[in-house]
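Starting from 1, each residue takes its place in the sequence as its number.
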Amino acid sequence: LVKGLEDPQMCDEIYIQLCKHIFGNPRIESGDRAWLLMCMVSKTFPPSEKFAPYLVNFLLRHESLPGLSGNYARLCKVQLDPTIEMGATMFKPNLDEIQCYRKRPPILAAISMVDGEVREYPVTPDLRVAQVVEMIRRQENIEDDAEIPEWGIFVKDGREKGKMHPKARLEAFYKKYKPEKLEYVDEFLH
């Protein structure tokens, strides 16, 4: 990461080596580490204008893969657009930030809105839940008191069976954790 920030001529070579390491790698753990590095690189410095279409094509070819590999490819693609547009970041990641990626991998979170529309947001390990909520609030223009929010997010494990309507999910949540708010579920959805 530091090498790519210090020497822009090395950026394409770094991307090429990561693509080469990921493509057809039979060792899952090794491939996952390369994807994690690709996630960090794609938000740290851009490829050259000449190489960018090849990198995007690589990511597009991998985004439909199941599990973390597909998620990493989609996340890299989403992160790459602003990186290409704005250029390299001025901040060099420290060792703690890099270690976060191994402990808690980044994801492209699919956020279901109350109206049923699904939007995807990149969530990196350095973000806290409050920061994710604030990011979504701003991008969706949700006018809400940041100190006392009237909405929130919850995690749905991809292994869950069936699809519950937002009202049913809220009712189940409040029944278990805050029964006194159960009567307000309809108000929360409007």
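- The structure places CG of L59 at 11.5 Å from CZ of R74, a figure rounded to the nearest 0.5 Å.
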Query raised in the report: Would T44 and T83 satisfy side-chain contact (heavy atoms from CB on, under 4.5 Å), going step by step from the backbone distance to the final call?
Result: CA-CA 7 Å; T44 305; T83 305; over 6 Å; no
With a cut-off of 3.5 Å and sequence neighbours excluded, list every side-chain donor-acceptor pair involving residues 18-38.
{"unit_1": "H21", "atom_1": "NE2", "unit_2": "N25", "atom_2": "ND2", "d": "3.4"}
{"unit_1": "H21", "atom_1": "NE2", "unit_2": "S30", "atom_2": "OG", "d": "2.7"}
{"unit_1": "N25", "atom_1": "OD1", "unit_2": "R27", "atom_2": "N", "d": "2.9"}
{"unit_1": "N25", "atom_1": "ND2", "unit_2": "H21", "atom_2": "O", "d": "3.1"}
{"unit_1": "N25", "atom_1": "ND2", "unit_2": "S30", "atom_2": "OG", "d": "3.2"}
{"unit_1": "E29", "atom_1": "OE2", "unit_2": "R33", "atom_2": "NH1", "d": "2.8"}

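- For E117, the salt bridge (Lys or Arg N to Asp or Glu O under 4.0 Å) criterion is met by R119, not counting sequence neighbours.
- Distance CD/E85 to CG/D81: 8.0 Å, rounded to 0.5 Å.
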Report task. Quick one: do Y121 and I136 satisfy side-chain contact (heavy atoms from CB on, under 4.5 Å)? Show the steps, please. Result -> CA-CA 8 Å; Y121 292 92; I136 294 168; 4.1 Å; yes
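- Counting only residues at least two apart or on different chains, no salt bridge (charged side-chain N to carboxylate O under 4.0 Å, His left out) pair has a member in residues 47-60.
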Would you be so kind as to tabulate the donor-acceptor pairs closer than 3.5 Å made by side chains of residues 3-15, with sequence neighbours excluded?
{"unit_1": "E6", "atom_1": "OE2", "unit_2": "K92", "atom_2": "NZ", "d": "3.2"}
{"unit_1": "D7", "atom_1": "OD1", "unit_2": "Q9", "atom_2": "N", "d": "3.2"}
{"unit_1": "D12", "atom_1": "OD1", "unit_2": "S48", "atom_2": "N", "d": "2.8"}
{"unit_1": "D12", "atom_1": "OD1", "unit_2": "S48", "atom_2": "OG", "d": "3.4"}
{"unit_1": "D12", "atom_1": "OD2", "unit_2": "S48", "atom_2": "OG", "d": "2.5"}
{"unit_1": "E13", "atom_1": "OE2", "unit_2": "Q17", "atom_2": "NE2", "d": "2.8"}
{"unit_1": "Y15", "atom_1": "OH", "unit_2": "V41", "atom_2": "O", "d": "3.3"}
{"unit_1": "Y15", "atom_1": "OH", "unit_2": "F45", "atom_2": "O", "d": "2.6"}

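- Within the model, atoms OG of S42 and CG of L55 stand 8.0 Å from one another, a figure rounded to the nearest 0.5 Å.
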For residues 61-72, tabulate all N or O donor-acceptor pairs below 3.5 Å that involve a side-chain atom, not counting sequence neighbours.
{"unit_1": "H62", "atom_1": "ND1", "unit_2": "F58", "atom_2": "O", "d": "2.8"}
{"unit_1": "E63", "atom_1": "OE1", "unit_2": "K77", "atom_2": "NZ", "d": "2.7"}
{"unit_1": "N71", "atom_1": "OD1", "unit_2": "L108", "atom_2": "N", "d": "3.1"}

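- Within the 4.5 Å cutoff, the side chain of P47 has heavy atoms near those of the I84 side chain.
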Query - side-chain contact (heavy atoms from CB on, under 4.5 Å) assessment of F51 paired with I16 - result: CA-CA 9 Å; F51 182 67; I16 289 168; 3.6 Å; yes
